[in-house]
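Here the structure is a predicted model, which means the values were calculated and not measured.
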Amino acid sequence: VWVDADTANEIDDLYAITRVFHAKGIDVIALSSAQWKASPLAEGNTLEQSQLLNEALLGLLGKDIPHPRGSAVPVYWWG
């Protein structure tokens with residue numbers, strides 16, 4: 001499984017990532033960061049915020065897997 005998460009957006013991603021790494025029968029091969037600037041109200045580089053959290057979480061879990069950055073901009077604004 002390749003997990004792609006906007007980790008810095010809400011705490012649910014941190015729980016889901018931790019859970020999938022401890023699930024029997026699931027082999028996580030990568031964890032990529034996603035931006036979460038879903039509205040003009042989000043501030044800063046949300047992709048980098050997610051990337052930093054992903055890197056910290058991988059370190060805490062002792063996992064050495066690829067963790068590339070995703071797109072720093074949304075595909076479109078639907079609001």
With the 4.5 Å side-chain cut-off for hydrophobic clustering, are L60 and I17 part of the same group?
-> no
In one Ile/Leu/Val/Met/Phe/Trp/Tyr side-chain cluster, 4.5 Å: W2, L14 = no
Which pairs count as salt bridge (Lys or Arg N to Asp or Glu O under 4.0 Å) when at least one residue sits in residues 63-73, sequence neighbours excluded?
-> E48-R69
Any donor-acceptor pair under 3.5 Å from H67 side chain to I65 backbone | yes
Report yes or no: does S50 contribute a side-chain atom to a donor-acceptor pair with the main-chain N or O of A8 at less than 3.5 Å?
-> yes
Which residue, N54, D6, V3, forms the side-chain contact (heavy atoms from CB on, under 4.5 Å) with D13?
-> D6
Is any side-chain heavy atom of [X] less than 4.5 Å from a side-chain heavy atom of [Y]?
X: D4; Y: L31; answer: no
X: I29; Y: V1; answer: no
X: T7; Y: W36; answer: no

Between F21 and L61, what is the shortest heavy-atom contact and its length?
-> CD1-CD1, 3.6 Å
Looking at CG of L53 and CG of N9, how far apart are the two atoms once the value is rounded to the nearest 0.5 Å?
-> 11.0 Å
To the nearest 0.5 Å, atom CG of L47 lies from atom OG of S33 at 6.0 Å
Sorted by chain and residue number, the side-chain contact (heavy atoms from CB on, under 4.5 Å) partners of L52 (sequence neighbours excluded) come out as E55
